[in-house]
Amino acid sequence: MAQQHTLFIADLHLAADRPDITAAFIRFLREQAIAADALYILGDLFEVWIGDDNPEPLLQQIASELKQLSNSVPLYFIHGNRDFLLKQRYARQAGMQLLPQQQVIDLYGTPSLIMHGDSLCTLDLAYQKFRRWWNQPWWQWLMLHLPLSARQRIAMKARQRSAMYKASYTNNATTQIMDVTPEEVPKVMAQYGVTKLIHGHTHRPAVHQLEVNNQPAERYVLGDWYSQSSYLTVSPEQWQLVFHPLA
Ligand code: MN
């Protein structure tokens, strides 16, 4: 019998122009995730999301793969900053259960906080301002009621802006702005009463040791899938970040 374990992924940024990532993800679902107790997707599964009504074939393909898996493995999804407009209609189609932005789950007896991670990057004021904006229900409502073609144009512009924004951060001091604010982490963990945190978003996979209320604690950062597949596996015995080449 396979060992008990739960899997966590984030930041796949699935897109039609990266069929290699899609192929690796489908392999991961069919070969790895199928044996897990549950799969948690912690945001930015898709490079961009303009509405559940987007007929792009890739989205239908991914939904049917996820749905297939969900017949035997519980699937959970937390929104990222790229796919925050993903709603109940697609979630149902993919057999995923939508979770709130921050959630405490029980991992074989250990209460653990899971989130996308963008809310921890408090020094990135421009981004946080934008985030407050798109978190408003009325903004999302307006956005989703635009014609599909208009949403496609807006998404393309947003991707270009994001690329320019990242490119403008050239030195160490400014790249730190885009990372998690270290002081923010123990604060949030203490607030939820946990000593384990799992998140993505920064694309800097690592295990960080820290202290929360004078207790040893750990923060697991998931990796992106640009050049390798990347996941966290949690069993009753151990927590481990795992990487595989894409092809
Ligand atoms: Mn993100």
Side-chain angles (χ1 to χ4, degrees), residues 7-18 21-22 24-25 28 39-51 54 58-59 62 76-87 90-91 94 96 98-103 113-136 139-140 143 151 154-169 174-182 184-185 188 197-208 219-232 241 243:
L7 297 174
F8 298 84
I9 54 173
D11 302 300
L12 287 86
H13 293 258
L14 297 175
D17 59 4
R18 287 298 304 269
I21 301 178
T22 301
F25 180 51
F28 168 80
L39 171 64
Y40 288 85
I41 302 169
L42 302 189
D44 289 357
L45 174 61
F46 296 99
E47 168 71 7
V48 68
W49 196 265
I50 58 171
N54 185 357
L58 170 70
L59 312 182
I62 296 300
Y76 303 94
F77 182 86
I78 291 183
H79 294 96
N81 52 300
R82 300 302 191 105
D83 44 22
F84 60 92
L85 285 175
L86 193 154
K87 300 288 184 189
Y90 187 81
M96 302 191 294
L98 297 180
L99 296 179
Q101 292 182 357
Q102 306 186 332
Q103 175 82 32
L113 177 62
I114 57 174
M115 60 173 73
H116 179 57
D118 52 329
S119 61
L120 299 169
C121 304
T122 53
L123 292 179
D124 197 347
L125 297 178
Y127 171 71
Q128 291 303 334
K129 194 173 152 194
F130 172 67
R131 187 172 186 274
R132 276 195 298 278
W133 188 258
W134 59 251
N135 260 322
Q136 304 285 335
W139 187 90
Q140 296 195 5
M143 198 59 190
R151 281 177 271 150
I154 292 169
M156 211 170 66
K157 288 247 168 65
R159 276 181 81 175
Q160 286 165 355
R161 255 202 317 274
S162 160
M164 272 164 52
Y165 185 54
K166 275 188 197 138
S168 73
Y169 279 131
T174 45
T175 51
Q176 271 171 17
I177 289 176
M178 295 178 78
D179 200 356
V180 163
T181 312
E184 195 62 22
V185 176
V188 175
L197 167 64
I198 305 169
H199 71 81
H201 181 66
T202 62
H203 301 204
R204 296 171 197 205
V207 185
H208 299 275
R219 170 165 73 98
Y220 287 79
V221 186
L222 306 170
D224 63 62
W225 283 49
Y226 287 136
S227 54
Q228 61 191 350
S229 69
S230 168
Y231 59 91
L232 170 69
L241 288 169
F243 307 93

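Start at 1 with the first residue, then count along the sequence. Counting starts at 1 for both ligands and their atoms, following the listed order. Everything numeric here is computed off the predicted structure, so don't read it as measured data.
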Looking at residues at least two apart in the chain, or sitting in another chain, which of them share a side chain to side chain donor-acceptor pair (under 3.5 Å) with R131? Q101, D118

Has Y90 got a side-chain atom pairing as donor or acceptor with L59's backbone, closer than 3.5 angstrom? yes

Neighbouring protein N, O or S atoms of the Mn ion (ligand 1) [cut-off: under 2.8 Å, no waters]: D44 OD2, N81 OD1, H116 NE2, H201 ND1

Whether W49 and F46 hold their rings parallel, tilted or perpendicular, with breakpoints at 30° and 60°: tilted

Tell me yes or no: between the side chains of R18 and H13, is some donor less than 3.5 Å from an acceptor? no

Checking H116 now: which residues fulfil ring-ring contact (aromatic ring centres under 6.0 Å, His included) with it, not counting sequence neighbours? H201

Under 3.5 Å, sequence neighbours excluded: what are the donor-acceptor pairs made by side chains of residues 221-228?
{"residue": "D224", "atom": "OD1", "partner": "Y226", "partner atom": "N", "Å": "2.9"}
{"residue": "D224", "atom": "OD2", "partner": "H203", "partner atom": "ND1", "Å": "3.1"}
{"residue": "W225", "atom": "NE1", "partner": "S230", "partner atom": "O", "Å": "2.9"}

